[in-house]
Undergrad: 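What follows is a structure written as structure tokens; I'll ask about it next.
Each chain gets a letter, A, B and so on, in the order its sequence line appears, and its residues count up from 1.
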Amino acid sequence: MTVHNADIAAQFNRMADLLEIEGANPFRVRAYRRAAATIEDLPTSVAAMVEAGADLDELPGIGPDLAGKIREICATGHSAALEQVETRTPASLAGLMAMPGLGPKRVQVLHERLGIETIEDLAKAARAGKLRELPRFGTALEAKLLAEIEKGGPVAQRFKISTAEDFAAGLTEYLKSHPGTGQVVVAGSFRRRKETVGDLDILVTARSGKATIDHFVAYDEVEQIVAQGTTRATVILKAGLQVDLRVVPARSYGAALHYFTGSKAHNIAVRKIAQAKGLKLNEYGIFRGSAYVGGRTEEEVFAVADLPYIEPEIREDRGEIEAAAAGKLPQLVTLADIKGDLHVHTKDSDGKSTLKEMAEAATVLGYSYLAITDHSQYATIAHGLDAERLAAQLDQIDRLNEQLEGIVLLKSCEVDILPDGTLDLPDSILKRLDLTVCAVHSRFELDIETQTGRIVRAMDNRHCNIIAHPTGRLIGEREAYAVDLERVMLAAKERGCFIEVNGHPSRLDLDDVHCRAAKQMGLKLAISTDAHSTIGLSAMRFGVDQARRGWIEPGDVLNARPWSELKRLLAR
DNA sequence: GCCGTTTTCGGCCCGACTGTTTTCAGTCG
């Protein structure tokens with residue numbers, strides 16, 4: 001039995017939900033949620049830690065009690081304490097809390113007074129007009145819940161960062177067009193550049209909140225106005241994306257930007273520091289008593305806590321505050337550091353653009369090299385290259401390089417890792433390449449041992465340089481295949497191989513947590529786009545964002561180096 | 001349930017909006 005970190009986190013989150021419904025000590029509830037978040041963010045397997053006899057108390061928010069529950073879940077798959085709670089409070093009630101308008105108190109009332117346990121029970125009671133009779137329920141809430149259920153219930157839809165960018169751009173422009181509007185900035189997880197966002201949090205400075213909000217809710221993409229006051233409003237766009245707007249005065253801009261950028265855990269940690277210094281920090285500024293003492297810029301907010309500016313991408317309370325206090329913040333990699341792209345396709349396999357077009361587009365981006373990595377023969381559907389066609393392409397690249405100025409095309413290939421872990425092309429052709437990118441595109445269903453062994457075996461081939469999109473996941477479409485990434489990364493480090501951060505917004509593979517793990521083990525990464533056209537080259541920014549979330553610095557990145565230096569690193 | 005420059009007990013972040021209330025609880029972020 002494999003117990004995943006997500007399984008443990010799910011049990012702790014359910015425990016928190018059910019205890020909250022029971023009216024337990026809110027700080028106890030918070031302790032379960034905090035522990036769940038800690039475990040979810042952990043790049044190593046908690047089950048493996050338990051097996052190795054590691055001290056779980058070392059993890060933040062995990063004390064003796066929760067450490068015991070973790071060990072129990074790892075050993076048995078479940079927690080007796082949770083089962084105990086579920087005998088009193090059905091687990092399905094946790095699902096009811098996902099309904100907008102229902103929190104722990106109302107769910108408790110529904111359960112106690114009407115015996116409601118499921119969404120179906122809730123629908124029945126709402127249709128019978130029974131909800132309106134309950135304390136602190138009314139006809140408005142009853143109708144709202146029923147409408148939500150008939151719409152298909154709560155779907156915690158998340159949007160890819162690239163999709164969110166589309167909506168954010170249009171909205172930002174629209175808001176800026178309103179007279180009297182000052183700054184307009186999208187905060188929240190969007191600003192922290194998470195791979196997906198659940199909603200957009202937009203912050204605006206303006207003289208009149210009401211005028212700004214009236215303008216906001218009149219946006220032609222608005223489907224529904226969820227809430228509308230004088231300083232904030234919430235709407236749902238026709239595409240289903242929720243957008244929250246907050247209006248603050250200019251002197252609160254920095255404090256509000258910090259507050260609404262989050263993450264929540266980061267904010268709490270900073271606020272605690274301010275509080276310890278006798279100051280109050282909220283979205284309106286920094287206050288001593290009731291006197292405003294700052295908050296116009298984010299720098300002022302951090303200064304209150306004696307901290308330097310912390311980049312939004314790492315504000316997750318994963319050690320950034322301690323690093324800032326110690327003057328050890330990473331100098332995060334930026335798009336400007338990137339010297340070339342190491343994973344792109346052309347018309348020769350399944351791309352849309354020619355070699356020359358790709359080279360020219362890369363030149364425009366200021367790159368000094370571009371690795372051409374068309375698919376190998378196994379990928380028949382992608383018109384993959386066999387040794388003969390690849391040889392012809394290599395000759396063509398040689399000829400093209402003689403004409404090109406300011407950029408060099410690197411001879412490469414995205415070679416399939418076959419089910420047995422061998423590579424899809426013979427060494428006789430691979431040895432002609434400047435570098436070889438290897439990837440899994442088949443047999444995703446293999447068990448974790450076999451899949452991991454397959455990838456490690458591929459790296460045993462001395463021509464293998466970079467493992468592309470190491471988990472194969474497609475965000476919102478396909479789960480990662482079962483693979484022990486830690487073992488893959490360690491094997492890569494031992495063999496002088498590297499791992500890719502695929503910048504395609506549907507992949508972003510490695511994820512942020514494993515980028516950080518790679519850095520900690522001294523494994524360098526390639527940030528690549530997997531572009532299938534000249535337009536695809538622009539996805540580099542998403543890869544860089546993901547790497548930044550993983551604390552990656554230019555020195556950790558293969559393609560932040562000039563080709564002469566990169567070439568030496570690739571020799572194995 | 002965790003945690004400690006307030007250290008083994010007593011705290012634990014804070015404000016806006018809604019609906020239902022007639023001064024505020026519940027929810028949300």
Side-chain angles (χ1 to χ4, degrees), chain A residues 12 15-16 19-21 23-38 56-70 79 81 85 96-110 131-145 154 187-189 197-203 209-210 213 217 225-235 242-248 252 255-256 258-287 305-306 317 325:
Chain A
F12 282 0
M15 186 72 161
L19 286 174
E20 201 173 23
I21 291 166
N25 177 348
F27 300 106
R28 187 173 165 222
V29 172
R30 188 185 294 175
Y32 276 102
R33 294 228 165 92
R34 173 148 189 253
T38 296
L56 298 174
D57 292 28
E58 295 294 302
L59 301 173
I62 311 283
D65 181 273
L66 292 182
K69 288 191 170 74
I70 290 170
S79 153
V85 172
L96 282 182
M97 287 226 293
M99 293 288 295
L102 291 189
K105 298 284 160 51
R106 286 190 176 127
V107 168
Q108 183 183 36
V109 169
L110 288 171
L131 300 188
R132 67 185 71 173
E133 296 159 9
L134 297 171
R136 298 218 160 262
F137 282 67
T139 51
L141 181 58
E142 185 179 82
K144 185 175 134 183
L145 288 171
S189 52
V197 301
D199 61 13
L200 290 180
D201 297 295
I202 304 184
L203 180 66
K210 185 177 181 309
I213 281 172
V217 300
I225 301 169
V226 179
Q228 182 179 3
T230 55
T231 66
R232 65 178 278 192
T234 298
V235 303
Q242 176 172 317
V243 184
D244 296 332
L245 183 81
R246 296 292 297 240
V247 185
V248 296
S252 303
H258 180 257
Y259 183 92
F260 292 112
T261 296
S263 67
K264 196 171 171 180
H266 168 93
N267 287 353
I268 289 172
V270 173
R271 190 171 299 179
K272 271 186 187 166
I273 298 176
Q275 196 184 39
K277 294 176 188 294
L279 295 163
K280 187 175 73 169
L281 178 60
N282 60 29
E283 61 261 57
Y284 295 106
I286 306 149
F287 300 88
D306 288 330
D317 194 24

Undergrad: Provide the distance between the two P atoms, one in B:dA16 and one in B:dT21, to the nearest whole Å.
TA: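 Looking at atom P only, B:dA16 and B:dT21 are 24 Å apart.
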
Undergrad: What interatomic distance, in whole Å, is found between P of B:dT8 and the corresponding atom of B:dC3?
TA: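 These two P atoms come out 16 Å apart once rounded.
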
Undergrad: Rounded at 0.5 Å granularity, tell me how far CD1 in A:I202 sits from CZ in A:R246.
TA: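 The CZ atom of A:R246 is 13.5 Å from CD1 of A:I202, to the nearest 0.5 Å.
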
Undergrad: Between A:N282 and A:A276, which has a closest nucleotide on DNA chain B that is more 5'?
TA: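 Its nearest nucleotide lies further toward 5', so the answer is A:A276.
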
Undergrad: How would you label the contact of A:Q242 with the nucleic acid (heavy atoms, under 4.0 Å): base, sugar-phosphate, or nothing?
TA: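 Touches sugar-phosphate only.
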
Undergrad: Taking any heavy-atom pair under 4.0 Å as a contact, classify A:T139: base, sugar-phosphate, or nothing.
TA: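 Sugar-phosphate, backbone atoms only, no base.
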
Undergrad: Scan A:G101 against the nucleic acid and name what it touches under 4.0 Å (heavy atoms): base, sugar-phosphate only, or nothing.
TA: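 Since only primed, P, OP1 and OP2 atoms lie under 4.0 Å of A:G101, the category is sugar-phosphate.
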
Undergrad: Given the C1' atoms of B:dC14 and B:dC9, what is the spacing between them in whole Å?
TA: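 Nearest-Å result for B:dC14 against B:dC9 at atom C1': 25 Å.
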
Undergrad: Quick one: CG on A:L141 to CZ on A:R132, what's the gap to the nearest 0.5 Å?
TA: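 These two atoms lie 11.5 Å from each other.
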
Undergrad: Taking B:dT20 as the reference, what is the distance to B:dT27 when you measure between their P atoms (whole Å, please)?
TA: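 It comes out at 13 Å once rounded to the nearest Å.
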
Undergrad: Under 4.0 Å, heavy atoms only, any strand: does A:F260 hit a base, just the sugar-phosphate, or nothing?
TA: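 Answer is nothing: A:F260 stays at 4.0 Å or more from every strand.
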
Undergrad: Please report the distance separating the P of B:dC13 from the corresponding atom of B:dG4, rounded so that it comes out in whole Å.
TA: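 Straight-line distance between the two P atoms is 14 Å.
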
Undergrad: Quick one: list whatever passes salt bridge (Lys or Arg N to Asp or Glu O under 4.0 Å) with A:R30, sequence neighbours left out.
TA: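 Checked A:R30 against salt bridge (Lys or Arg N to Asp or Glu O under 4.0 Å); zero matches.
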
Undergrad: Under 3.5 Å for both donor-acceptor distances, Watson-Crick or wobble: does B:dG15 have a partner, and if so which one?
TA: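 When the pairing criteria are applied, B:dC28 turns out to be the nucleotide that pairs with B:dG15.
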
Undergrad: With sequence neighbours left out, write down each residue that passes salt bridge (Lys or Arg N to Asp or Glu O under 4.0 Å) with A:K277, or none if nothing qualifies.
TA: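 Testing A:K277 for salt bridge (Lys or Arg N to Asp or Glu O under 4.0 Å), a comparison that skips the adjacent residues, returns A:D306.
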
Undergrad: At under 4.0 Å between heavy atoms, what does A:K277 touch on the DNA or RNA strands: base, sugar-phosphate, or nothing?
TA: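 The residue A:K277 makes no contact with any strand.
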
Undergrad: Name all residues meeting the salt bridge (Lys or Arg N to Asp or Glu O under 4.0 Å) criterion together with A:R106; count only those two or more places apart in sequence or in a different chain, and write none if there are none.
TA: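 Once residues adjacent in sequence are excluded, A:R106 has no partner under the salt bridge (Lys or Arg N to Asp or Glu O under 4.0 Å) criterion.
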
Undergrad: Restricting to salt bridge (Lys or Arg N to Asp or Glu O under 4.0 Å), what partner residues turn up for A:K69, sequence neighbours left out?
TA: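 Testing A:K69 for salt bridge (Lys or Arg N to Asp or Glu O under 4.0 Å), a comparison that skips the adjacent residues, returns A:D65.
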
Undergrad: Please classify the nucleic acid contact of A:P26 as base, sugar-phosphate, or nothing, using heavy-atom distances under 4.0 Å.
TA: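 Nothing, no heavy atom under 4.0 Å.
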
Undergrad: By the 4.0 Å heavy-atom rule, please label A:K264 as base, sugar-phosphate, or nothing.
TA: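 The residue A:K264 makes base contact.
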
Undergrad: Apply side chain to side chain contact (heavy atoms under 4.5 Å, CB included) to A:A255 and list each qualifying residue two or more places apart in sequence or on a separate chain.
TA: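 For A:A255 the side chain to side chain contact (heavy atoms under 4.5 Å, CB included) partners, ignoring immediate neighbours, are A:V301.
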
Undergrad: Sticking with atom P, work out how far B:dC12 lies from B:dC17, rounded to a whole angstrom.
TA: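 It works out to 25 Å between them.
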
Undergrad: Here's a test of your reading of the structure: between A:P64 and A:R246, which maps to the more 5' nucleotide of DNA chain B?
TA: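 Nearer the 5' end of the strand: A:P64.
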
Undergrad: Have a look at A:R271 and say if it touches a base, only the backbone sugar-phosphate, or nothing, with a 4.0 Å heavy-atom cut-off.
TA: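 Contact class for A:R271: base.
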
Undergrad: Scan A:N267 against the nucleic acid and name what it touches under 4.0 Å (heavy atoms): base, sugar-phosphate only, or nothing.
TA: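 No contact.
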
Undergrad: Taking any atom closer than 4.0 angstrom to a non-hydrogen atom of chain A, what span of DNA chain B does the protein reach, first nucleotide to last?
TA: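 On DNA chain B, the outermost contacted nucleotides are B:dG1 to B:dG29.
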
Undergrad: Which part of the nucleic acid does A:T234 contact within heavy-atom distance under 4.0 Å: base, sugar-phosphate only, or nothing?
TA: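 A:T234: no heavy atom of the nucleic acid under 4.0 Å.
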
Undergrad: Using a 4.0 Å heavy-atom cut-off, does A:P104 contact any base of the nucleic acid, only the sugar-phosphate backbone, or nothing at all?
TA: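 If one applies the 4.0 Å heavy-atom cut-off, A:P104 turns out to touch the sugar-phosphate alone, with no base involved.
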
Undergrad: Before giving the answer on salt bridge (Lys or Arg N to Asp or Glu O under 4.0 Å), spell out for A:E20 and A:R33 the whole-Å C-alpha distance, their side-chain angles and the decisive distance to 0.1 Å.
TA: CA-CA 11 Å; A:E20 201 173 23; A:R33 294 228 165 92; 2.9 Å; yes

Undergrad: Expressed in whole Å, how much space separates the C1' atoms belonging to B:dT6 and B:dG11?
TA: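 Approximately 9 Å lies between the C1' atom of B:dT6 and that of B:dG11.
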
